[in-house]
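Right, one structure below, let's go through it.
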Amino acid sequence: MKQMLQELREVSVSAILNAPDSDALEALRIQYLGKKGELTKLLKQMGRLAEEERPAVGQLANQVRAEVEDAIASRRAALSERMLQARLAAETVDVTMPGTRAAIGHEHPMYVVLDEIKDIFIGMGFEILDGPEVEQSDYNFTKLNTDEGHPAREWSDTFYLTEDSSILLRTQTSPMQVRAMESKPLPIRMVAPGRVYRKDEVDATHSPMFHQIEGMVIDKGVTMADLKGTLDAVMKKLYGEDTVTRFRPHHFPFTEPSCEMDVQCHKCGGRGCPTCKGEGWIEILGAGMVHPKVLEGCGIDTEVYSGWAFGMGLERLAMRRFRISDLRLIFENDVRFLEQF
Ligand code: PHE
């Protein structure tokens, strides 16, 4: 009996310590310690032993049981540690591997220029205003001293949204002059960038939607000299101190006198080339002293206050700034183009 117990101990402990996984270990536990297990079977035979043998055999049996149980526990711990190590190895992240780079966009070149222009004007004490693209004809034309018969009011030139021509897509940012004068206390120094719409065919320099920046100053004693000095300074800040500008007389219904400002061609330095169409100059904006009728329409006393205003095309400024040859590139949003800036 003793010998059988010792054999059982040897065989079972070595089997347990070599169990390949936890299922095999559990099978061994049942095989040796289960209700019908081998150790249990042996113990049941104790009754056949002589009285004086029983204590010693009983002691040995308990010892064997304890050793088998210890073996199972230590094997279980070893197996679960091995599983943990295997999982850790399988789930390791190699932080030295090159990552997948997320494509990060950047500001559109036209908005880069817009931000530069805003910064220049903010530095001069102007505020930035925003206004509606769907506008009343009153604001787009009438309050801007534009006659009923003015060609810009034609249905062939302007996108109207109502049959009675009272609502339209603004053709210029100039309605913001009126909106500012109606809503702001004097003096006013404002810049209002935004989209405008005209029924133009698309080509290298035209699009039915484009961007303008309106600007206006209303204060006491404001003159044409302020207009010229301010706009010349803005162009020098934007394009460099050696930028040369000139002002030509022009006509707008809502300014008097009116002018256009040109910047000397950067390509030929004023000699004339294909970029400036042989002119030596590139037209940048329309401007003028705000017409007394417009001021009066907004309830401003023209004996005390005067003002100047301008409107410039943002696409054109961006094209000049980044040497872009075709307006359509600005709107197509082809990343191969946009990535260059
Ligand atoms: N709104 C005019 C245009 O679109 C430009 C302009 C603005 C002229 C302000 C004078 C004063 O051509």
Which pairs count as ring-ring contact (aromatic ring centres under 6.0 Å, His included) when at least one residue sits in residues 317-341, sequence neighbours excluded?
Phe322-Phe341, Phe337-Phe341
With respect to Glu260, which candidate in His251, Arg246, Arg248 satisfies the side-chain hydrogen bond (donor to acceptor under 3.5 Å, both in side chains) definition?
Arg248
Measure the spacing between NZ of Lys118 and CD1 of Ile120 and express it to the nearest 0.5 Å.
13.0 Å
Using the six-membered ring wherever Trp is involved, compare the ring planes of His108 and Tyr111 and label them parallel, tilted or perpendicular (cut-offs 30° and 60°).
perpendicular
Between Leu168 and Tyr197, is a side-chain contact (heavy atoms from CB on, under 4.5 Å) present by the stated rule, with each step listed?
CA-CA 9 Å; Leu168 44 70; Tyr197 302 83; over 6 Å; no
Indicate the atoms forming the closest heavy-atom contact of Met312 with Leu285, along with that distance.
CB-CB, 3.5 Å
Please confirm whether the backbone N or O of Pro175 pairs with a side-chain atom of Arg170, one donor and one acceptor, at under 3.5 Å?
no
Do Phe121 and Phe310 have ring centroids that are under 6.0 Å from one another?
yes
Test: Arg336 and Asp334 ion pair at under 4.0 Å
yes
Write down the atom of Ser22, the atom of Leu79, and the distance for their closest heavy-atom approach.
N-CD1, 3.6 Å
Can you list everything that forms a salt bridge (Lys or Arg N to Asp or Glu O under 4.0 Å) with Glu26? Sequence neighbours excluded, please.
Arg29
ILVMFWY cluster membership beyond Met83 - transitive side-chain contacts under 4.5 angstrom:
none
So, His106 side chain and Leu338 main chain: donor-acceptor pair closer than 3.5 Å or not?
yes
Which residues pass the salt bridge (Lys or Arg N to Asp or Glu O under 4.0 Å) test with Arg54, sequence neighbours left out?
none
Would you say Met4 has more than 12 foreign heavy atoms packed within less than 6.0 Å of its CE?
no
I'd like to know if the side chain of Gln63 pairs up with that of Gln59 as donor and acceptor (distance under 3.5 Å, no hydrogens or angles considered).
no
With sequence neighbours left out, what residues match Arg153 under salt bridge (Lys or Arg N to Asp or Glu O under 4.0 Å)?
Glu148
Flag yes if more than 12 heavy atoms outside Glu201 fall under 6.0 Å of its CD atom; otherwise flag no.
no
Check this for me: Gln85, atom CD, are more than 12 non-hydrogen atoms of other residues, nucleotides or ligands nearer than 6.0 Å?
yes
Can you find a side-chain donor-acceptor pair between Trp155 and Ser165 that sits under 3.5 Å?
yes
Met216 versus Ala180, closest heavy-atom pair with distance:
CE-CB, 4.0 Å
Could you tell me the separation between the OG atom of Ser174 and the CG atom of Asn145, rounded to the nearest 0.5 Å?
12.0 Å
What pairs of residues pass the salt bridge (charged side-chain N to carboxylate O under 4.0 Å, His left out) test when at least one of them lies in residues 207-222, not counting sequence neighbours?
Arg189-Asp219
Is Tyr239 reaching over with its side chain to a backbone N or O of Leu317, donor-acceptor style, under 3.5 angstrom?
yes
With a cut-off of 6.0 Å (strictly less than), are more than 12 heavy atoms of other residues, nucleotides or ligands near CG of Asp130?
no
With sequence neighbours excluded, what pairs up with Glu133 under the salt bridge (Lys or Arg N to Asp or Glu O under 4.0 Å) test?
Arg195
Suppose the criterion is salt bridge (charged side-chain N to carboxylate O under 4.0 Å, His left out): which pairs have a residue in residues 90-111, not counting sequence neighbours?
Arg87-Glu91
By side chain to side chain contact (heavy atoms under 4.5 Å, CB included), which residues pair with Arg65, not counting sequence neighbours?
Leu33, Leu39, Glu69
Minimal heavy-atom distance between Ala15 and Leu28, with the atoms involved, is O-CD1, 3.5 Å
Apply the test side-chain contact (heavy atoms from CB on, under 4.5 Å) to residues Ile16 and Ser74: give CA-CA distance (whole Å), side-chain angles for both, the deciding distance (0.1 Å), then the verdict.
CA-CA 9 Å; Ile16 286 164; Ser74 87; over 6 Å; no
Counterpart residues, side chain to side chain donor-acceptor pair (under 3.5 Å), relative to Gln136 (two or more places apart)
none
Report the C-alpha distance between Arg198 and Asp200 in whole Å, list the side-chain angles of each, state the deciding distance to 0.1 Å, and finish with yes or no for salt bridge (charged side-chain N to carboxylate O under 4.0 Å, His left out).
CA-CA 6 Å; Arg198 292 180 194 177; Asp200 280 332; 5.7 Å; no
Check Tyr139 against Leu144 and note the closest heavy-atom contact, atom names and distance.
O-CD1, 3.3 Å
Which pairs, with at least one residue in residues 283-308 and sequence neighbours excluded, count as a salt bridge (charged side-chain N to carboxylate O under 4.0 Å, His left out)?
Glu283-Arg316
Is there any salt bridge (charged side-chain N to carboxylate O under 4.0 Å, His left out) pair reaching into residues 136-147, and which pairs are they, with sequence neighbours excluded?
Lys143-Glu182
As an exercise, state the distance from CD of Glu279 to CH2 of Trp281, rounded to the nearest 0.5 Å.
11.5 Å
Counting neighbours of NZ on Lys199 that are heavy atoms of other residues, nucleotides or ligands and sit closer than 6.0 Å, is the number greater than 12?
yes
Here the pair of heavy atoms bringing His150 nearest to Pro253 is NE2-CG, 3.9 Å
